[in-house]
Amino acid sequence: MKKIQFFATALVALMLAGFTSSCVKDLNVTPIDPNTVLPEDVLNSQEAFNQLLAKCYQGLCSSSSAGPGSDPDIDGVDGGYGQYMRAVVNLQEVTTDVATCCWNDGTLFDLHNQCWNASNEFVFSMYMRIFFQISQCNEFIRRANAATFNGFAKQQNYIAEARALRLLSFYHAIDMFGNVPFPTENDSVGSVGPQMIKRGDLFDWMVTEAKSLLEGNGLAEPGNGEYGRADKGMVQMILAKLYLNAEIWKGTAMYGDCATVCEQIISEYPLHGVYSDLFCADNHLWTRNTTYGGDEIIFVAPQDGNLLRSYGSTNFLTFACTWAVTGKEGKTMDAGSLGISSGWSGLSLTGAFTSKFEENDLRGNFFKGDYKQYIDQLRDADGASEGWKSMKFVNVNHDGSTAQHNGFVDIDFPVFRVADAYLMYAECAARNAAEKNLGRMYLNLVRARAGLEDTDLKLDTIIDERARELYLEGHRRQDLIRFGLFTSSDYLWEFKGGVPEGRAVDSHFNLFSIPADDLNANGNLVQNPGY
């Protein structure tokens, strides 16, 4: 069993400040003890702050402290599709060439069709999850800074972890929404909604914040923290991502800076030998930390079939990718071999994506059956989607033994892996901002693990290699935008733009809309162009 004792029942006496929407529950009205009213009366020990920080982590892993789907933290955000990492997958993968989802849930089809608007509930869920997390971290930082009780030995360490988690959510905010609200721990409780910050200004603040965390003593050194907790390796990855996308987010290319950070990451985290191990039920063994040792995985959002459950994250990626409908020739997926009892028949991979894989690519673990590779309709007569299915995430231990589960998987969501840093460096080298021979070596080390021969260092090769290596891990949309392929006619896939053959869409879809509810609640906000 995983050691996830850090994720204990979190304090519910959490007062959120600076969060603009009225859809967030007023958690301050429910104290941890019926005889206790004020958070100051509760937050008087290190154990209390342990629990409050646990809540900041738990928000990445499940929708509430009460369970996988019941009583979600945010009113109006479904406990299933609104879970943080599932929302990331919906917006970063389902909107791209990687996958589509056949479920006729609200405006879900609009994501893959790239025709969402300011009222899309899936965009709303991601936005609300991001700023709920930021607000929780702000409140932790504010309370921990003000704590004066004796014996708070890890005060600065905990504050640094909360800052790192906040930085992660701002990373998703700057990527998906551009100009966004900017609440910090300095916003007073009950104040009018936070001001909006320009994307470039947020970029500068995030770089400064990341460097401060890396130069300080609060976070553990890369790979030297406890399992499931933020360390400097996680912050290095965020900083590398900022530099990688600086031309889009800041207006200034910074690929050389990205390569420098990636070299440091690569020196600290080795590639794991077997690709499939990274997505199995005991993939916590490959997260680099003092609890298990590990190697490749830098930061995870843990899942545990008994202790930490979710209808999102890897539970979604395992169940929704499993075909539960009998095909035309009687072929169906063996859910038992994937470590689950049955599938949800939701996610299918597109032909444009699966055609990128060579026959002997070990990462191309697809169920083909008698189903079409290229999707000509999003939902077939049986209520399932056409297209091949992914078997990347498997709820079976790496040695083939059965994983613990009660209808929920044990697979941790790998938020950051070092293979990404290898490919980021290679991209910087292909853009003439890093040493080309080294970039080619890093690219081919990733390919060699997949059973492939060496290839040349070219941008076209890099974008396809990133697709093959990192699919369903929440990176694809960002990559396509950086390469000018997300909305343009230069690259099409099934139902891009809402037509079977695919078509270009307006460039304003490179950003998601600020939800209408938050615009109405906070007069400081301005909608992104085109919505």
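No experiment lies behind these values; they were computed from the predicted model shown.
Between F109 and W103, a ring centre-to-centre spacing not shorter than 6.0 Å is recorded. Aromatic rings from F279 and F393 are positioned such that their centres are separated by under 6.0 Å. Aromatic ring centroids of F357 and F366 lie under 6.0 Å apart. For Y491 and F483, the gap between ring centers reaches or exceeds 6.0 Å.
Residues V409 and I340 form a side-chain contact, since some pair of their non-hydrogen atoms from C-beta on lies under 4.5 Å apart. Residues L423 and E465 meet the side-chain proximity criterion, which asks for heavy atoms closer than 4.5 Å. For the pair E161 and L53, the minimum side-chain heavy-atom distance is below 4.5 Å. No side-chain heavy atom of F131 sits under 4.5 Å from any side-chain heavy atom of D518. Side-chain contact between W205 and F182 is present, with heavy atoms from C-beta onward closer than 4.5 Å. With a 4.5 Å cut-off on side-chain heavy atoms, R199 and K250 do not count as touching. Taking 4.5 Å as the limit, some side-chain heavy atom of N120 sits within range of a side-chain heavy atom of L111.
A cation-pi arrangement is found for K392 relative to Y471, the charged atom lying closer than 6.0 Å to the ring centre and inside a 45° cone about the ring normal. R86 forms a cation-pi arrangement with F316, by the criterion of a distance under 6.0 Å to the ring centre and an angle within 45° of the ring axis.
Between Q92 and the choices R477, Q478, E473, the side-chain hydrogen bond (donor to acceptor under 3.5 Å, both in side chains) rule is met once, by R477.
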Practice problem: Using the ring-ring contact (aromatic ring centres under 6.0 Å, His included) rule, take Y127 and F177 through it: C-alpha gap first, then chi angles, then the decisive distance, then the call. | Solution: CA-CA 8 Å; Y127 180 91; F177 297 98; 5.2 Å; yes
Practice problem: Go through Q136 and K55 one step at a time and tell me if the side-chain contact (heavy atoms from CB on, under 4.5 Å) criterion holds. | Solution: CA-CA 8 Å; Q136 287 189 111; K55 181 64 179 177; 2.8 Å; yes
Exercise. Check step by step if side-chain contact (heavy atoms from CB on, under 4.5 Å) holds for R466 and D420.
Key: CA-CA 8 Å; R466 289 188 63 81; D420 191 358; 2.8 Å; yes
Quiz item: Under the salt bridge (Lys or Arg N to Asp or Glu O under 4.0 Å) criterion, do E358 and R363 qualify, and how do the steps go?
Solution: CA-CA 10 Å; E358 299 174 43; R363 300 166 298 189; over 6 Å; no
Quiz prompt | Stepwise side-chain contact (heavy atoms from CB on, under 4.5 Å) check, R129 with D73 | solution = CA-CA 9 Å; R129 275 289 161 194; D73 291 325; 3.9 Å; yes
Quiz item: Can S276 and H398 be said to form a side-chain contact (heavy atoms from CB on, under 4.5 Å), step by step?
Solution: CA-CA 8 Å; S276 60; H398 75 283; over 6 Å; no
Quiz item: Does the pair F122 and Y81 meet the rule for a ring-ring contact (aromatic ring centres under 6.0 Å, His included), with working shown?
Solution: CA-CA 8 Å; F122 298 93; Y81 69 71; 4.6 Å; yes
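Side-chain atoms of T96 come within 3.5 Å of backbone atoms of V98 as a donor-acceptor pair (strictly under, hydrogens ignored). When atom types are taken as modelled, the side chain of K198 and the backbone of F203 share no donor-acceptor pair closer than 3.5 angstrom. No donor-acceptor distance shorter than 3.5 angstrom exists from the side chain of E386 to the backbone of L378, with no hydrogens or angles considered. No side-chain donor-acceptor contact under 3.5 Å links Q133 to the backbone of C137. Put simply, the side chain of D110 never gets that close to the backbone of W116: no donor and acceptor are under 3.5 Å apart. For the pair R166 (side chain) and N138 (backbone), a donor-acceptor distance under 3.5 Å is absent. Not one N or O on the side chain of S313 forms a donor-acceptor pair closer than 3.5 Å with the backbone of N315. Judged by distance alone, with hydrogens and angles left aside, the side-chain atoms of K368 form no donor-acceptor pair with the main-chain N or O of G387 at under 3.5 Å. Panel note: side chain H112, backbone A99; a donor-acceptor pair is recorded below 3.5 Å. A donor-acceptor contact shorter than 3.5 Å is absent between the side chain of Q114 and the backbone of N510.
The two residues M237 and A421 come nearest to each other via the heavy atoms SD-CB, 4.2 Å. Taking all atoms of both residues into account, the shortest heavy-atom contact from A335 to T322 is CB-CG2, 4.1 Å. Contact between G228 and Y57 at its shortest, heavy atoms only, is O-CE2, 3.3 Å. The heavy-atom pair separating C321 from S390 by the smallest distance is CB-O, 3.3 Å. Considering every non-hydrogen atom in both F512 and N528, the closest pair reads O-ND2, 2.7 Å. Here the closest non-hydrogen pair linking A419 and V446 is O-CG2, 4.2 Å.
Using bins of under 30°, 30° to 60° and over 60° for the plane-to-plane angle, the ring pair F486/W493 lands in the tilted bin.
Here R447 does not pair with D361 in a salt bridge; the nearest charged N to carboxylate O distance is not below 4.0 Å. A salt bridge between D97 and R476 is present, with a side-chain N of the basic residue lying under 4.0 Å from a carboxylate O of the acidic one. Between E469 and R417, at least one side-chain N (NZ, or NE/NH1/NH2) sits under 4.0 Å from a carboxylate O, which counts as a salt bridge. The pair R482-E247 does not meet the salt-bridge criterion, since no charged nitrogen lies less than 4.0 angstrom from a carboxylate oxygen.
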